[in-house]
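Beneath this line is the structure, given in structure tokens, with notes to follow.
Computed from a predicted model, the values in this text were never measured in an experiment. FYI, side chains are in, hydrogens and waters are out, and symmetry mates aren't considered; it's all heavy atoms of this structure. Convention: sequence-line order gives letters A, B, ...; per-chain numbering from 1.
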Protein chains: 2
Amino acid sequence: MSLRHALLALLTAEPMTGYDLVKYFDGTIANMWSAPHSQIYPELRRMEADGLIDVRVVPRGERAQKREYAVNENGVAALRTWQQELADYQPERDVYRLRSAHFELSTYDAARRQLTEHRNHYMKLLTDTRQFVADIEARRVPLLQQRLKQRPEGEHEAIIAFKLFAFRGEITKAEAEIAWAQEGLDLLDDLEQRGAPLFGEEPARDPWSLGPS
Amino acid sequence: MSLRHALLALLTAEPMTGYDLVKYFDGTIANMWSAPHSQIYPELRRMEADGLIDVRVVPRGERAQKREYAVNENGVAALRTWQQELADYQPERDVYRLRSAHFELSTYDAARRQLTEHRNHYMKLLTDTRQFVADIEARRVPLLQQRLKQRPEGEHEAIIAFKLFAFRGEITKAEAEIAWAQEGLDLLDDLEQRGAPLFGEEPARDPWSLGPS
DNA sequence: GTAGTCATGTAAGAGGTTACATGATTAG
DNA sequence: CTAATCATGTAACCTCTTACATGACTAC
């Protein structure tokens with residue numbers, strides 16, 4: 001049910017169309033939550049049907065229209081309730097860690113490619129998130145400005161502090177992943193230099209060939 | 001398709017029943033990959049149908065039977081192929097980070113409960129994983145012993161090194177999450193002491209009451 | 001005998017991915 | 001006029017969660 005809450009939370013900053021929400025989910029927040037438009041539009045319709053958001057149909061140009069959604073009191077109540085519930089911790093699924101645990105089935109080359117990709121991915125995330133944190137600190141983020149306008153000044157400090165806190169979590173995580181990937185690349189260099197063989201490096205046997213039986 | 005590869009990877013250590021695999025997915029590996037039995041049994045049947053694993057029906061007791069699966073050459077080939085492909089990085093979904101970004105909708109109490117839970121969860125993970133790393137280093141892990149028996153001694157070093165590497169990744173991640181949760185708890189204390197109000201602390205207004213319109 | 005573990009399934013439904021599909025508007 | 005952007009959908013398919021279901025075996 002978190003897509004619903006992610007959408008509600010974004011909409012509390014200001015009324016938006018589905019298209020706007022899609023764009024936010026392609027931006028910096030994508031590392032906390034994301035969804036394709038094929039998931040967002042139907043969910044907005046359901047949220048509307050459930051009475052959590054209100055729609056305003058706005059004309060654009062001559063013929064076209066767009067649907068602008070706003071959170072209503074039920075929506076805010078749903079968000080509060082959500083925050084009061086304790087989220088429990090489910091088992092994770094980490095493809096990259098799973099792969100790395102079985103690199104002996106890979107080749108030095110492929111393992112290195114994967115870890116380099118891992119490092120690059122989290123380096124980009126780190127750079128983007130650091131920039132975004134700087135933008136928040138400088139009050140340069142339009143969505144945050146809108147959000148603050150909705151609330152009394154006394155709450156501004158906490159609102160900003162929580163946004164920064166969340167993104168610092170992403171930064172800490174990215175740094176940890178970069179360090180881990182680097183450690184892996186060093187390990188691969190070390191093992192290869194010392195001539196450690198991998199099963200993955202062996203030429204695959206044709207299952208239908210007549211091997212020594 | 002990673003459940004399939006997680007199962008194949010476990011089965012390369014030694015032939016196992018679905019039940020055995022379920023148990024491994026409840027143990028330390030649960031933090032890399034996990035699945036309930038309702039997912040495992042049908043997947044094993046599909047893998048069998050796809051010719052990646054072979055079955056041996058073993059009697060147990062008088063009447064009962066069990067199905068013991070073993071990876072065959074096609075299965076090994078599938079694992080190698082999987083390792084050769086570069087896994088791409090998809091947007092993540094992190095409920096805890098999402099919540100934390102909107103703690104202003106929560107109460108100090110509930111936010112603290114959540115972060116304490118976060119810290120406890122990763123502290124347990126950290127302790128368990130450290131213990132497991134120690135067990136691997138001491139060659140005390142039965143599954144790993146079985147795995148090593150399958151392979152020539154020259155490969156042992158790399159196999160062990162990759163297992164340790166993967167679990168050190170989990171440790172690094174757990175440490176990062178613990179530090180983040182602690183930072184959050186400190187932030188909450190600081191904000192509350194300085195009397196910062198939260199929207200979530202305000203009593204909810206009954207949407208149907210006649211408020212000042 | 002009975003509780004705990006071993007062992008294996010099915011099924012409904014939620015959530016997510018990928019592809020298909022369409023059309024208006026705006027900036028150059 | 002043409003490309004990019006704005007805007008909103010549907011549908012098939014896969015994955016995962018949760019619940020329902022069953023029965024044998026083993027240790028006490």
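- Taking atom OH of B:Tyr41 as the reference point, atom P of D:dC16 lies 18 Å away to the nearest angstrom.
- Under the 3.5 Å distance criterion, the side-chain polar atoms of A:Gln150 are left unmatched by any main-chain donor or acceptor of A:Glu14.
- Rounded to whole Å, atom P of C:dA11 lies 13 Å from atom NE2 of B:His37.
- Atom-to-atom, CZ of B:Arg93 to P of C:dA14 comes out at 18 Å; the value is rounded to the nearest Å.
- When each of C:dT25, C:dT10, C:dT17 is scored by its nearest atom to the side-chain atoms of B:Pro42, the top-ranked nucleotide is C:dT10.
- Of the side-chain N and O atoms in B:Tyr19, one or more sit less than 4.0 angstrom from OP1 or OP2 of C:dC6.
- To the nearest angstrom, P of D:dA7 lies 4 Å from NZ of A:Lys66.
- Put simply, CD on B:Glu43 is 15 Å from C1' on C:dG9, counting in whole angstrom units.
- In terms of phosphate contacts, B:Arg63 brings no side-chain nitrogen or oxygen within less than 4.0 Å of OP1 or OP2 of C:dC6.
- Put simply, CD on A:Glu48 is 14 Å from C1' on D:dT8, counting in whole angstrom units.
- Residue contacts for A:Thr17: at a heavy-atom cut-off of 4.0 Å it reaches the sugar-phosphate backbone alone, with no base atom in range.
- Judged by closest nucleotide on DNA chain C, B:Gln39 is the one of B:Gln39 and A:Ala35 placed further toward the 5' end.
- Judged by distance alone, the side chains of A:His118 and B:Tyr89 do bring a donor and an acceptor atom under 3.5 Å apart.
- A donor atom on one side chain and an acceptor atom on the other are not found under 3.5 Å apart for B:His102 and A:Gln83.
- As judged by a 4.0 angstrom heavy-atom cut-off over every strand, A:Arg60 is placed among the base-contacting residues.
- Out of C:dT18, C:dT25, D:dA21, the shortest distance to the side chain of A:Glu62 is found at C:dT25.
- In summary, the side chains of B:Arg67 and B:Thr17 do not present any donor paired with an acceptor at a separation below 3.5 Å, with no hydrogens or angles considered.
- Taking only side-chain nitrogens and oxygens, A:Arg67 never comes nearer than 4.0 Å to OP1 or OP2 of D:dA7.
- Residue A:Arg45 has a polar side-chain atom (N or O) positioned under 4.0 Å from OP1 or OP2 of D:dG9.
- Side-chain polar atoms of A:Gln65 and A:Arg60 form no donor-acceptor pair below 3.5 angstrom.
- Rounded to whole angstrom, the span from the NZ atom of B:Lys23 across to the P atom of C:dG4 amounts to 17 Å.
- Rounded to whole angstrom, the span from the CG atom of B:Leu7 across to the P atom of D:dC16 amounts to 11 Å.
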